[in-house]
Amino acid sequence: MMSNLPQMHRNDFFDFFPSLFDGNEPLWGRDQMKVDISETDQAYQVKADLPGLTKEDIQVDFNNGILTIGGSHENQADVKDEAGNYIRRERSRGTFSRSFALQNVDPNAIEAAFHDGVLTVTLNKVADKSQSRIPIN
């Protein structure tokens, strides 16, 4: 009978699934790596929000016109009682990757910086003289 089931209150739900709601661990994936790409006549600038990571966790590659931002992240969350005994010990490991096709990039003039959880990649463009407008008579 349904009335025999224990009543679950809102706080019980959050206690039952703490790793999803306590904010200690980012859930990586396409929707979690927020990226802004801007373009000028001279360069592309890619900014990726990567909170909770270090620059050692991140890998940036540019190959055949494709910029790939990826890496891996390990997280360990220990919760101990007053005596120092574990009451919860969680470990997780995840990888992430996103790729972007960018044209006319000089592969020798790419710069990357990581500051306050934001990766900024600047990809300078090449001056391509072969692509000029042709007037139609």
Side-chain angles (χ1 to χ4, degrees):
M1 203 177 215
M2 291 287 223
S3 62
N4 291 336
L5 294 175
Q7 293 291 321
M8 182 177 279
H9 300 285
R10 183 178 186 277
N11 291 340
D12 293 335
F13 177 77
F14 288 100
D15 290 339
F16 187 70
F17 295 104
S19 63
L20 295 176
F21 301 107
D22 63 11
N24 291 332
E25 179 179 351
L27 301 172
W28 292 107
R30 180 181 174 105
D31 294 333
Q32 281 68 39
M33 187 193 322
K34 305 298 184 197
V35 177
D36 295 327
I37 301 175
S38 59
E39 180 182 11
T40 66
D41 290 338
Q42 294 80 28
Y44 295 99
Q45 187 174 66
V46 179
K47 289 189 174 189
D49 293 340
L50 300 168
L53 299 180
T54 65
K55 68 178 186 175
E56 291 78 21
D57 295 330
I58 304 166
Q59 183 173 347
V60 178
D61 294 311
F62 185 79
N63 193 7
N64 294 326
I66 305 292
L67 173 69
T68 302
I69 300 171
S72 63
H73 181 66
E74 288 188 39
N75 192 27
Q76 183 169 333
D78 295 337
V79 178
K80 297 180 181 182
D81 63 12
E82 294 172 4
N85 299 315
Y86 290 107
I87 56 173
R88 183 178 86 199
R89 189 169 200 189
E90 296 183 13
R91 291 160 300 286
S92 65
R93 179 179 176 94
T95 61
F96 60 94
S97 178
R98 293 215 32 210
S99 296
F100 309 93
L102 302 170
Q103 299 178 4
N104 299 330
V105 172
D106 181 355
N108 298 316
I110 300 173
E111 299 173 2
F114 186 67
H115 185 68
D116 290 337
V118 178
L119 173 69
T120 302
V121 182
T122 303
L123 303 102
N124 292 309
K125 294 181 180 179
V126 295
D128 191 358
K129 306 286 186 200
S130 66
Q131 292 184 359
S132 60
R133 293 187 181 215
I134 300 170
I136 301 173
N137 296 325

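Hydrogens, waters and symmetry mates are skipped; everything else that's a heavy atom, side chains included, is used.
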Minimum heavy-atom distance between [X] and [Y], given as atom pair plus value:
| X | Y | answer |
| --- | --- | --- |
| F96 | M33 | CD1-CE, 3.2 Å |
| F100 | I37 | CD2-CD1, 3.6 Å |
| L102 | F62 | O-CZ, 4.4 Å |

If you measure from [atom1] on [X] to [atom2] on [Y], what distance do you get to the nearest 0.5 Å?
| X | Y | atom1 | atom2 | value |
| --- | --- | --- | --- | --- |
| H115 | K55 | NE2 | NZ | 12.5 Å |
| S72 | Q59 | OG | CD | 9.0 Å |
| D61 | I110 | CG | CD1 | 10.0 Å |
| D49 | D36 | CG | CG | 7.0 Å |

Let me check something: any side-chain donor-acceptor pairs from residues 116-125 under 3.5 Å, sequence neighbours excluded? List them with distances.
from: N124; atom 1: ND2; to: A109; atom 2: O; distance (Å): 3.1
from: K125; atom 1: NZ; to: E39; atom 2: OE2; distance (Å): 2.4
from: K125; atom 1: NZ; to: T40; atom 2: O; distance (Å): 2.9

Apply side chain to side chain donor-acceptor pair (under 3.5 Å) to D57 and list each qualifying residue two or more places apart in sequence or on a separate chain.
T54

Using the side-chain contact (heavy atoms from CB on, under 4.5 Å) rule, take F114 and E56 through it: C-alpha gap first, then chi angles, then the decisive distance, then the call.
CA-CA 10 Å; F114 186 67; E56 291 78 21; over 6 Å; no

